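Each remark here refers to the structure printed beneath this line.
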Number of protein chains: 2
Amino acid sequence: MIKADPRLPRYQQIRDDIAARIARGEWKAGEAIATEAELSSIYGVAIGTIRRAIDELASDGVIERAHGRGMFVRRADFSTSLFRFFRLGSSGERSISPDSRILSRSLATPSDIVRDRLRLGPEDNAIRMIRLRTDGGKVLLREEIWLSATLFGPILDMDIAMLTPLLYPAYERHFGRIVARAKERLTVETADANVACDLEAPAGSSVVRIERQAIDHADHPLEWRTSHGLADQFVYEVDVH
Amino acid sequence: MIKADPRLPRYQQIRDDIAARIARGEWKAGEAIATEAELSSIYGVAIGTIRRAIDELASDGVIERAHGRGMFVRRADFSTSLFRFFRLGSSGERSISPDSRILSRSLATPSDIVRDRLRLGPEDNAIRMIRLRTDGGKVLLREEIWLSATLFGPILDMDIAMLTPLLYPAYERHFGRIVARAKERLTVETADANVACDLEAPAGSSVVRIERQAIDHADHPLEWRTSHGLADQFVYEVDVH
DNA sequence: GAGTGGTCTAGACCACTTG
DNA sequence: AAGTGGTCTAGACCACTCC
């Protein structure tokens, strides 16, 4: 049933197993998962241990609890957590449908910064992707994405449709790697030639730069991403705890 | 011992009581608080209930746990949570000492936006403060801060030294109101005359605008704040969950 | 009323830190 | 060895939802 490191606490093993089942599609978005009592007998632990596991999944936004009704898989659109740029325009209400287009995907030698952020060894290789996020044909964001080739190597040969529109669900589904949290760093700068070209704006335009390190439950970095978007139409919303 | 709403779960009453004790100075920053077993007998509840209360204080960053040593009041500098703008400069390492200067403090009629964000009634009054955050004489941030006059009225007559350098600890100490989380929204715009003047920059400079709604445990908004800083030296770091 | 999640108990045993 | 927080148990009872 569980093949995780037995040195980890049971509630963490169970948390990861439930997350993996959801990623494998055993429980689908919007559906109710097994009840606490069922899970308790499935895993052979007390109900309190199950609750502890679910607590973390709920705070990760993977599962939603409804008192008296059950526990439900959240639609995996990440709208409340790790995708929340560009509510766009003054209306402020409409949420973006995250169309994305991967421009390139290749094995590459990581810079020292990328090596540090992904915690790669001196010999490790990396995967580099350039991706555009668009809405209604308009380019909103240009992203440079770095992954460890050791962890995500097969991504180079996968059908591109398996990587759209969102990458984090793809990491879960195909590699069992769950992004639990991320560190982000925002600055404002002027666009260089590559960024300006992809954003369809003049070089030297004012752009927002977002660096994001995506991290799993074990505190290991999964992805390093640098995104750029035009400053004058940029909105960034976040809940700070 | 506890005078909170008895309809609330015990662990929430205990959480708030412990937080209030810390705010009153019964346990000081860096000190160990009572052990779980002691708290359990103080409050007359099982140790699991104490743990539940402490869980929330720990995730709020009020208390830090150390396995085998005890539980400690975190230094209340908010450096890891709600004050983390402007790590400033390319060094990226030095953290800012948050000098602050309150320029004005008065009763004012809130706009509809402020009324909405503070959830004020149509007749309620508000307090408006303008504050500068500086480092080494240089102005980094210009803040416009709004509070409910009903909740924070006495702040108008307090010695200004009681409100520096940080406001959130002052809210805790003098009003027992704890900021549990905040919603922030960042945009980039050009400075108007007031902002440019306070930031000692030409009007029309590119500035970052941060709107922040600070919220307590009961999900009630405590403060609405709009901050501006020069875009070219702005760094914003956040942990996203 | 049956079934669900939410709170709370009163322990047990383990892992870590300090003397 | 003593004391601390961390994990886990096997229940009890409550609050909410749905039939």
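Small disclaimer: the values here were computed from a predicted structure and weren't measured. So that the names make sense, note that chain A is the first sequence line, chain B the second, and so on, each numbered from 1.
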The side chain to side chain donor-acceptor pair (under 3.5 Å) partners of Asp116(B) (sequence neighbours excluded) come to none
My understanding is that only residues two or more places apart in sequence, or in another chain, count here; which of them pass side chain to side chain donor-acceptor pair (under 3.5 Å) with Arg115(A)?
none
Can you tabulate the close N/O pairs, meaning under 3.5 Å, that link protein atoms to atoms of nucleotides 4-11 of chain D?
from   : atom 1 : to       : atom 2 : distance (Å)
dG5(D) : OP2    : Glu36(B) : N      : 3.0
dG5(D) : N2     : His67(B) : NE2    : 3.1
dG5(D) : N3     : His67(B) : NE2    : 3.1
dG6(D) : OP2    : Arg51(B) : NH1    : 2.9
dG6(D) : OP2    : Arg51(B) : NH2    : 3.1
dG6(D) : OP2    : Arg65(B) : NE     : 3.1
dT7(D) : OP1    : Tyr11(A) : OH     : 2.9
dT7(D) : OP2    : Arg52(A) : NH1    : 3.1
dT7(D) : OP2    : Arg52(A) : NH2    : 3.1
dC8(D) : OP1    : Arg10(A) : N      : 2.6
dC8(D) : OP2    : Arg10(A) : N      : 3.4
dC8(D) : OP2    : Tyr11(A) : N      : 3.3
dT9(D) : OP2    : Ala46(A) : N      : 2.7
dT9(D) : OP2    : Thr49(A) : OG1    : 2.4

Side chain to side chain donor-acceptor pair (under 3.5 Å) with Arg52(B): which residues, sequence neighbours excluded?
Tyr11(B)
Test of understanding: with ring pair (Phe, Tyr, Trp, His ring centres under 6.0 Å), list the residues that count as partners of Phe175(A), not counting sequence neighbours.
Phe152(A)
List for me each residue that meets salt bridge (Lys or Arg N to Asp or Glu O under 4.0 Å) alongside Glu26(B), sequence neighbours excluded, and say none if there are none.
Arg21(B), Arg24(B)
